[in-house]
Amino acid sequence: MKSLGFKRRRSNYEYVLDLGNGFEGWCSFADAAKGEKTVLWVATFTGVRCVQVEDRILEWCGDVVPGWDGRSYVATVSMNVGYLTPQAQWLEHRVDLAEVSAEDAIQANISDVTDIGLGFIREHTSYAGLVAALETGKGQMADRRLERLPLALALQGDIEGAYRELASMKQRVSDGSFLTPRYLRFIAGFEGEFPRT
């Protein structure tokens, strides 16, 4: 990952690439054992982190994802690379640690980054790119999309579109969502910084 320009975060499985203007490419690897003693299944995730979006969420809500502490580092849009392939499905690679070296074991995942992930990062490193990914459902869980799409739209300059998206959050508040206190803090911060004219 270092040869691609990525720097490792605190986690051994999380890497960021400074793209300038408050954007970072983001890649992560998740492994799981599925009953075989020396075998891991390793999945590759790719995404884009926008400092302007994530810092506001942290400031207004106290954390970037409900229940996560301040050390959490979250991509604004992210997904398993398999959903970016023609098969559009979860992708993970079987690694038998008894058969290959650690360097050889990760090669398929590095190829995921170079062949798939970097394209997603390049395509979505802008407010318009974030909006496109969030609007199409690419790269975000629905609950996190709820906060990130209005912000990306507002930062792109589409205040009316941002307020249309904010209506979903306001409806959840009206419905008594268990996240109502968080949403109220988000709405107050958003409306304070991006007032309708």
Specify the closest pair of heavy atoms between [X] and [Y], including all atoms of both residues, with the distance to one decimal.
X: Cys61; Y: Glu147; value: SG-OE2, 4.3 Å
X: Leu91; Y: Ala43; value: O-CB, 3.6 Å
X: His93; Y: Asp112; value: NE2-OD2, 2.8 Å
X: Pro195; Y: Ile159; value: O-CG2, 4.3 Å
X: Glu165; Y: Arg145; value: OE1-NH1, 3.8 Å
X: Gly129; Y: His124; value: O-CD2, 2.9 Å

*Drop me the distance from Met79's CE to Thr44's OG1, to the nearest 0.5 angstrom.*
13.0 Å

*Roughly how far apart are Glu191 CD and Leu166 CG, rounded to 0.5 Å?*
6.0 Å

Joint cluster assignment, [X] & [Y], ILVMFWY side-chain distance < 4.5 Å:
X: Phe29; Y: Leu97; result: yes
X: Leu4; Y: Tyr15; result: yes
X: Phe120; Y: Trp90; result: yes
X: Ile110; Y: Leu17; result: yes
X: Val51; Y: Leu130; result: no

*Between Arg196 and Glu160, does a salt bridge (Lys or Arg N to Asp or Glu O under 4.0 Å) hold up when you go through it step by step?*
CA-CA 8 Å; Arg196 277 187 153 149; Glu160 287 308 309; 3.4 Å; yes

Can you find a heavy atom in the side chain of [X] that is under 4.5 Å from one in the side chain of [Y]?
X: Ile57; Y: Arg182; answer: yes
X: Thr76; Y: Val48; answer: no
X: Leu146; Y: Arg172; answer: yes
X: Val74; Y: Arg148; answer: yes
X: Val131; Y: Leu149; answer: yes
X: Leu155; Y: Arg56; answer: yes
X: Ile121; Y: Cys27; answer: yes
X: Gln171; Y: Ser174; answer: yes

_Tyr163 and Phe194 aromatic centres sub-6.0 Å_ = no

*Sub-6.0 Å ring centroid separation between Phe23 and Tyr127*: yes

*Arg122 and Leu118: side-chain contact (heavy atoms from CB on, under 4.5 Å), yes or no, with the steps?*
CA-CA 6 Å; Arg122 281 191 291 274; Leu118 288 174; 3.7 Å; yes

_One pair to check against side-chain contact (heavy atoms from CB on, under 4.5 Å): Glu193 and Trp60. What are the steps and the verdict?_
CA-CA 11 Å; Glu193 185 165 346; Trp60 298 340; 3.4 Å; yes

